[in-house]
> 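Once you've had a glance at the structure underneath, I'll fire off some questions.
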Amino acid sequence: MRYLVYLASSFIAFAVFYYSLIFALFPTPVAAEYWVRELLVFKRDIAKNLAGQPKIVVASGSSTLFNVDTNILSAALKRPTINLGLMGGLPLDTILEEINTVSTPGDLVIMALEPDYYCREANPGYDPWQMRNAIAWNHSFWQSKSFFQKLALIPALGATFPLEMLQARLDILLKPELLAPRLAALDDAQIIAKFSNRSSVSVEPIYSIYNMDGLGNVKSVHESSYTGPPQRADEDIKICPQTLKRLTDFVDALKSRQISVVFASTPYMSFDGLDLVKVADSSKRFAAALQGIAPVIDDRTELIFSRDHFFDSVMHLNATGRELRTQRLLARIQAAQLIQQSR
Amino acid sequence: MLFNSYGFIFVFLPITFLGLLWLGKRTQQGAVLWLGLASLVFYAYWNPIFVALLLATIIFNYAVARKLSQLQGGPASGSTKPLLVTAITLNLLLLGYFKYTNFFIGVLAGSIGATFQPFHILLPLGISFFTFTQIAFLVDVSRGFAHEHNFARYLLFVTFFPHLIAGPVLHHKQMMPQFSESANFRFQTDNVCVGLSIFVLGLAKKIFIADSFGEIANPIFDAGTATQSLQFFEAWVGALAYTLQLYFDFSAYSDMAIGLSMMFNIRLPLNFNSPFKATSVIDFWQRWHMSLTKYIGEYLYTLISLKLMRRGLGKPFLIDTIYTLVLPTLITFFIIGLWHGANYTFIMFGLLHACYLIINHWWRLFKKKFAFAKNGSPINCVGSCALTYCCVVIALVFFRADTVATATAICSAMAGLNGISLPATLEPLLTTLSLNTSALGLSFSGVFASKLFTQAHWYIFLLLAIGHLIVWSLPNIHQLMYHYKIACEDLGARPAIKRVEPHGTLRWLVWQPNAVWAGVLGGLFFAVVIAMASNKPSSFLYYQF
């Protein structure tokens, strides 16, 4: 019996030690995706610079970054258009929060969310990636959680995470130059200054703000390297009730601030045997499901692209694909007279 | 429900355990029923509909066993055969429907050039295990070796959750006496300490070791399926990684099953006894999936070889061995292969092992006759062990691959037929040696030319080295728990499996119920629990069989 007591005590002692270390060392600039923070800061800064004039915001995870060229929209519609393409790993709440932050009365918001955003209830995004970023730079996410929520979320970081935190803390003391890029990414002013002084040479990752123009469009990519399967344009997008409610509340709140909102679809890849009648039906059902919230301005049948229009994933178009998709979006905005309505 | 899930560890297991203790003090029959029902809940967690199927087979087989017992003891003795044959046929038809319908219709359609759209048939978990367990029971009842008049005990015998999904294949002779013992439904500190410790070690083996090898093996086999050309080192790394993944996965499951059973004072048969330390393929099958080997040997091989032996009597040596060795081995291992899954790859796996075994047996006869090679020398042991291991690795390529074509493509790459890619740094060295590298099939695009791995090269080689070090140098769970009887084979006066005490520096690894072991295992348990949150839940490989 004594053995079992020792074993249980050891388990509890390790647990207490593990959690204490993480709580004590928060926040720590551990390895994380700091470029996402830079992206958020940069996109907010674009909106800040356009303050006082009505604008268009095209928002989503990363797909808008590659699928829409807001320079074309800005020029044709005579209204500045921000590319608020962010990052597909971010939870829906973060995307919505950013839309809310950058939009002002009189704006038009086009939500071109990736299909899986409509039903992420089973996976709200509290994965190791999200938690790691929370400790490294997304401190507000961490602070928004209760003590017990934190207890439940921390294990996603893995057993050796406290050691990583300790090492980062030691590096700050002993080799601060190693962590300089991470620390710079925590400073908004440094990010904007670095963006202003960026060179024309591409940097990694391709989604980095240092590859973007002043409206947040990623640099043109001409290659077509995606070899995976297409996503099914003829299948329905699953919309979960909880997400539907969240979107309804969010859009209502925007509308109450005199901000117009529409939904848009993402591009799909064509494949042998794709039935366009089924695609049209599915597209109609999607629009009908969102009807109570805001209209869907495009039809999926016009967003079917050949494989050579895709860049590195089924969600990202290359330069040729992007231009085509943007022209189709432009035509839809003009046809629906959205600019006139949002004035 | 997976053993490596929070639901199992923190909800199902404590409730089942405490419920059993509470009932065990009051009514043994109630405790047996509780454990049986808990096992059904464990099974239902995966797919509740199949609980009805499981229960139906249990009720059917129990009823048949009762009838067989009556026939066996009654005046109509000797008339058990028609009932037994009918019952076995029905059991096999059920198994065949779920497991082999698509395969055999596909084969038939293919042979006549027709196209066949497979039916959507979901395979009930553990169906091979509970079907085989019950068939053995019926056979023994019909022979008069077994009888069971208590339905609750029979239910528990078939469904006992530590073995239900992936074995071991239980024999009633080993289990029923334990389920009849009232002391086994009380709290026994020693067994709980030993069982919990074994469970934690198994869990750690699964989470920290087995799943890591899966991440290395999968891209290689996926590339093979996509007909991507693999190079020599990539193919070997994929094959070795899968071999270790299966080894640690199966070993982990077996440890967890033994540990969980021990906590409930039940000893399961040993299923895994350091199989890669085997010095021959015959030895390998006495250490790998031991309960299946024993089952097949007892109920199939013996039957087939007895039937065929008569035909070979008085014939020349070669003809005689065809009847006594070649045919029974080929048939048995064809069935073992098919038992693992309805695919040509599993049949190939079985037939390859049959060939290994036939050669192994012939070699033994040859050695005996000419007495030219002595066993026991360290070089002989290492050589035999290495050769056995290579044979097993090659057979496991077929076991893992989706198609025979994929397996042969990987085996070709392992044989160097796609060339050998070396690090570019070696090119100047080999050029100075005036070697005609292109004639030798050598290129210098790096060790892993296809860039299939996301992990660093040094990490892959280090992991493989550590895996093999554990396999060949560390004691197994039976040795770690040397001072305790953890398997039902240990229970008799004369243990069925010889126990080897770890010697030398490994002796300090033998488990003891002291503060050091408790401290280490408590920490390990916590680390595993944390790792389970960050890893994707992965089922055991043997769940699919």
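Here is the naming used below: chain letters follow the sequence lines, and residue numbers restart at 1 for every chain. What you see is a predicted model, and the numbers here were worked out from it, not measured in a lab.
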> Looking at every heavy atom in both A:Y6 and B:A518, which two are closest together, and how far apart are they?
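Residues A:Y6 and B:A518, closest heavy atoms: CB-CB, 3.3 Å.
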
> Please identify, among A:T160, A:I12, A:V5, A:L7, the residue contributing the most non-hydrogen atom pairs under 4.5 Å to chain B.
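Result: the option with the highest number of such pairs is A:L7.
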
> Please look at B:N514 and chain A and tell me whether the side chain, the backbone, both or neither of the residue comes under 4.5 angstrom of a heavy atom of that chain.
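For B:N514, backbone heavy atoms alone lie under 4.5 Å from chain A.
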
> Is it the case that atom CD in B:Q117 sees more than 12 heavy atoms from other parts of the structure closer than 6.0 Å?
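No, CD of B:Q117 has 12 or fewer neighbouring heavy atoms, counting only those of other groups under 6.0 Å.
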
> Just so I know, are the side chains of A:S10 and B:L521 near enough to count as touching, which here means a heavy-atom distance under 4.5 Å?
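A:S10 vs B:L521: side chains apart.
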
> Would you say A:K219 has more than 12 foreign heavy atoms packed within less than 6.0 Å of its NZ?
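Yes, the 6.0 Å shell around NZ holds more than 12 heavy atoms from other groups.
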
> Might you work through the side chain to side chain donor-acceptor pair (under 3.5 Å) test for B:T189 and A:Y3, ending with a clear yes or no?
CA-CA 9 Å; B:T189 315; A:Y3 176 81; over 6 Å; no

> Go through the atoms of B:V200 and report whether side chain, backbone, both or neither lie under 4.5 Å from a heavy atom of chain A.
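It is neither, since no heavy atom gets under 4.5 Å.
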
> Take the angle between the ring planes of B:F526 and A:Y18 and call it parallel below 30°, perpendicular above 60°, tilted in between.
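Judged by the thresholds at 30° and 60°, the geometry between B:F526 and A:Y18 is perpendicular.
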
> Report which part of B:Q512 has an atom under 4.5 Å of a heavy atom belonging to chain A: side chain, backbone, both, or neither.
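Interface part for B:Q512: backbone (N, CA, C, O).
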
> Verify the neighbour count for atom OH of B:Y45: are there more than 12 heavy atoms of other residues, nucleotides or ligands below 6.0 Å?
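No, because the 6.0 Å sphere around OH of B:Y45 holds 12 heavy atoms or fewer from other groups.
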
> Does B:F116, at its CZ atom, have more than 12 non-hydrogen atoms belonging to other residues, nucleotides or ligands within less than 6.0 Å?
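Buried by this count: over 12 neighbours within 6.0 Å.
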
> Taking every non-hydrogen pair under 4.5 Å, which of B:I530, B:D190, B:L196 racks up the most with chain A?
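With the most close heavy-atom pairs to chain A, the winner is B:I530.
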
> So does A:R2 have more than 12 non-hydrogen atoms from other groups sitting under 6.0 Å from CZ?
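No.
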
> Does CD in A:Q149 sit with more than 12 non-hydrogen atoms of other residues, nucleotides or ligands closer than 6.0 Å?
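Counting neighbours around CD of A:Q149, more than 12 heavy atoms of other residues, nucleotides or ligands fall under 6.0 Å, so yes.
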
